[in-house]
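One structure below.
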Amino acid sequence: MCSVALMVSNDIIEKSVIFPCGHAQKILLMIHRILTQAGITLKKIDVLVFLQGPGSFVGTRIGIGVAQGLSLGFNLPLIGISTLATLAQGAWRRFGVNQVFTAIYACTDKLYFSYYRRKSNGRWLGSNTEMLISIAEINDILFKLKKEGVFVGDGWKNYSMLFSSNSSYIYLDEILYPIARDMIPLALQKWDDGMLCKSDEVRPIYL
């Protein structure tokens with residue numbers, strides 16, 4: 001998934017495309033097109049938002065590298081957003097769910113995992129639950145949490161047996177990947193909290 005979104009006032013323009021490779025070559029063109037559609041330039045942007053991870057090493061580095069380059073070139077502040085939190089926000093936007101188990105495929109038998117809960121003020125709790133776990137650990141962790149919620153992210157798609165054996169679990173296969181539109185509400189909260197960074201302060205999250 002290669003995704004770009006722009007918020008101007010309260011309007012959001014988004015372009016999201018799934019293709020297997022070439023993100024580094026296509027992302028800048030997507031940014032250019034979305035700015036052209038809105039009739040503005042990067043000089044008018046208040047802040048650049050990027051996915052900080054966890055996730056694919058290459059994908060995370062491409063997103064961060066593009067954000068750092070544009071930040072340096074146009075002297076723009078940055079806000080890093082969790083990939084897992086973005087998935088949770090997508091689940092809420094589309095289905096109104098407030099408790100979300102997120103998982104992204106990491107490698108072989110491991111997942112990037114978290115459990116997010118949305119408060120009435122729109123803020124999510126759960127950043128402290130983000131971890132890298134093995135498939136063997138999933139049932140133990142879910143048992144310890146003893147929470148109801150929905151499951152989103154591509155990390156779950158190969159584990160249908162988990163949901164067929166437990167009717168209280170709901171897997172939303174419509175939400176496999178984070179998209180830029182869902183980064184914006186999370187970024188606005190960090191903007192309000194003054195959680196900005198400079199290009200040389202960016203650190204990826206690999207757990």
Using every non-hydrogen atom in the two residues, find where [X] and [Y] come nearest and quote the distance to one decimal.
| X | Y | result |
| --- | --- | --- |
| Cys2 | Ile27 | SG-CD1, 3.6 Å |
| Asp140 | Ala136 | OD2-O, 4.4 Å |
| Ala91 | Val100 | CB-CG2, 4.0 Å |
| Gly55 | Tyr112 | N-CE1, 3.6 Å |
| Ala67 | Phe50 | CB-CB, 3.8 Å |
| Ile64 | Pro204 | CD1-CB, 3.6 Å |

Within a radius of less than 6.0 Å around [atom1] of [X], do more than 12 heavy atoms belonging to other residues, nucleotides or ligands occur?
| X | atom1 | value |
| --- | --- | --- |
| Trp92 | CH2 | no |
| Asn128 | CG | yes |
| Asn121 | CG | yes |
| Arg93 | CZ | yes |

Checklist entry - Going through the checks in order, is the side-chain contact (heavy atoms from CB on, under 4.5 Å) test met by Ile81 and Gln89? => result CA-CA 11 Å; Ile81 300 297; Gln89 178 66 29; over 6 Å; no
Say you draw a straight line from [atom1] of [X] to [atom2] of [Y]; how long is it, rounded to the nearest 0.5 Å?
| X | Y | atom1 | atom2 | result |
| --- | --- | --- | --- | --- |
| Tyr206 | Gln52 | OH | CD | 10.5 Å |
| Leu87 | Tyr177 | CG | OH | 11.0 Å |
| Lys15 | Lys26 | NZ | NZ | 14.0 Å |
| Glu14 | Leu6 | CD | CG | 11.5 Å |
| Ser56 | Leu51 | OG | CG | 11.5 Å |
| Ile34 | Ile12 | CD1 | CD1 | 10.0 Å |

Taking the side chain as C-beta and beyond, is there a heavy-atom pair between [X] and [Y] under 4.5 Å?
| X | Y | value |
| --- | --- | --- |
| Leu78 | Val47 | no |
| Pro178 | Met1 | no |
| Ile79 | Cys197 | no |
| Leu172 | Ile170 | yes |
| Val152 | Phe101 | no |
| Trp124 | Lys119 | no |
| Pro77 | Lys198 | no |
| Thr83 | Ile205 | no |

Donor-acceptor side-chain pairing of [X] and [Y] below 3.5 angstrom:
| X | Y | value |
| --- | --- | --- |
| Ser199 | Glu201 | no |
| Glu130 | Ser82 | yes |
| Glu137 | Ser134 | yes |
| Tyr115 | Gln99 | yes |

Is it the case that the side chain of [X] and the backbone of [Y] share a donor-acceptor pair, with hydrogens and angles ignored and the cut-off at 3.5 Å?
| X | Y | value |
| --- | --- | --- |
| Asp154 | Tyr105 | yes |
| Ser71 | Leu76 | yes |
| Thr129 | Gly126 | yes |
| Lys190 | Leu196 | no |
| Ser3 | Ile179 | no |

In one Ile/Leu/Val/Met/Phe/Trp/Tyr side-chain cluster, 4.5 Å: [X], [Y]:
| X | Y | value |
| --- | --- | --- |
| Ile175 | Ile184 | no |
| Val8 | Leu188 | no |
| Leu125 | Leu142 | no |
| Leu70 | Ile40 | yes |
| Val4 | Leu48 | yes |

Checklist entry - Step by step, would you call Leu111 with Ile135 a side-chain contact (heavy atoms from CB on, under 4.5 Å)? => result CA-CA 7 Å; Leu111 302 174; Ile135 301 304; 3.7 Å; yes
Item to check | Arg123 bridged to Asp193 by N-O distance under 4.0 Å | outcome: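 Salt bridge present between Arg123 and Asp193.
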Checklist entry - Does Asp173 pair with Lys157 as a salt bridge, N-O distance under 4.0 Å? => result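 Salt bridge flag = no for Lys157 with Asp173.
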Checklist entry - Ring centres of Trp156 and Tyr171 under 6.0 Å apart? => result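 For Trp156 and Tyr171, the ring centres are not under 6.0 Å apart.
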Next on the checklist: Determine whether Ile45 and Leu42 satisfy the following criterion, side-chain contact (heavy atoms from CB on, under 4.5 Å), listing intermediate values before the conclusion.
Outcome noted: CA-CA 5 Å; Ile45 298 296; Leu42 274 171; 3.9 Å; yes
